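Note that ligands are numbered from 1 as they come in the structure, with each ligand's atoms numbered from 1 the same way. Just so you know, these numbers come straight off a predicted model, no measurement behind them.
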Amino acid sequence: MTTHIYDIIGDVHGMYDPLCSLLEKLETSLKQESADAEYRLIFLGDIIDRGEKQKETFTLVRELVEQKKALCLLGNHEYNAIMRALHLRTKHDAVHEVFLKSFSNPETYQEAIAFMKTLPFFVELPLFNCVHACFNEPQLSLIKPYLDKNNVALNDEIFVKSSKPKLNKGGIKALYDAVEIILKGPEIDLPDGIYYLDKDGTKRDSARTRWWQEKAATYRDIVMWKDEELLQKLKKPLPLDFHATPLLKPVFFGHYWLWPEGTKVSLKDCELAKDKAYCLDFSAVMGGTLTAMRVCTDDEKILKKEVFAVKTNGD
Ligand SMILES: [Mn+2]
């Protein structure tokens with residue numbers, strides 16, 4: 001029986017120094033583990049945008065992937081970068097400017113985009129799955145025909161077809177929705193007349209959901225809001241056509257800007273559904289914690305899960 005050790009890292013977003021500290025911690029601790037275990041390092045995507053050292057972070061992760069020392073999933077930020085490079089995303093993303101400006105040479109920029117296109121949309125392992133935002137089997141099956149056996153885009157077809165149909169001739173609504181759900185997480189239309197203002201002050205009538213919540217009866221059970229006044233308005237039954245995301249295997253994902261209950265990220269903070277759903281994004285770039293989880297397994301079961309974390313605000 002083989003022992004497998006997986007170190008899974010949440011959204012890095014250009015936080016180079018914390019990433020180096022985290023990798024060091026993982027490496028030191030790995031020396032305590034069985035020497036003949038099979039080791040894999042997995043990044044859950046969103047390596048770029050927002051942080052101060054995006055190019056350094058991107059270069060480091062790219063080297064690790066190219067040297068086959070790590071696997072990195074496609075996050076919504078890398079997907080958006082690819083879409084922009086293919087002229088399939090015309091929306092101005094202020095958040096992406098810094099990354100764009102760090103490339104003065106168009107050739108190296110094109111190389112960076114070409115690398116991003118080699119990142120898998122998700123990873124299926126014998127005992128668990130990994131994805132940037134939401135592991136939804138029916139949605140994944142829609143995009144699988146456009147991916148190779150490693151879940152990497154066969155060519156640009158998936159990008160063209162998942163572009164916004166209202167803005168692009170080649171866009172197909174079902175594929176646009178599928179990629180939105182997989183890389184950005186599912187949203188739900190709010191009941192009539194209920195809306196909120198997002199961080200840019202835009203009026204929104206749909207909201208992110210806790211898709212890992214398998215039992216949900218009301219909007220309040222699944223809408224990811226913290227504002228109690230807004231939540232009060234959501235004590236309404238979910239529409240009849242609402243389907244929870246089936247969780248067949250444990251899944252590890254990032255994307256959700258979580259904060260721990262206490263001062264340190266614990267296993268409990270990551271475990272959003274018992275033995276099923278684990279989020280490793282603890283808002284590293286907002287002064288939170290860059291977080292990794294070590295998952296040790298044999299060929300049949302998960303033996304151990306351990307959290308490794310580096311605070312990014314210097315505390
Ligand atoms: Mn994300």
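Annotation: protein N, O or S atoms under 2.8 Å of the Mn ion (ligand 1) (waters excluded) comprise Asp46 OD2, Asn76 OD1, His132 NE2, His255 ND1.
Aromatic rings from Tyr6 and Phe252 are positioned such that their centres are separated by 6.0 Å or more.
Of the listed residues (Val131, Val152, Ile158, Asn150), just one forms a side chain to side chain contact (heavy atoms under 4.5 Å, CB included) with Phe121, and that residue is Ile158. Applying the side chain to side chain contact (heavy atoms under 4.5 Å, CB included) test between Phe253 and each of Leu272, Asn129, Asp281, Ile182 identifies Leu272 as the sole match.
Between Lys161 atom NZ and Leu142 atom CG the span is 12.5 Å, to the nearest 0.5 Å.
A salt bridge links Lys117 to Asp156: one of the charged nitrogens lies within less than 4.0 Å of a carboxylate oxygen.
The two residues Ser163 and Gly170 have their closest heavy-atom pair at OG-C, 4.4 Å.
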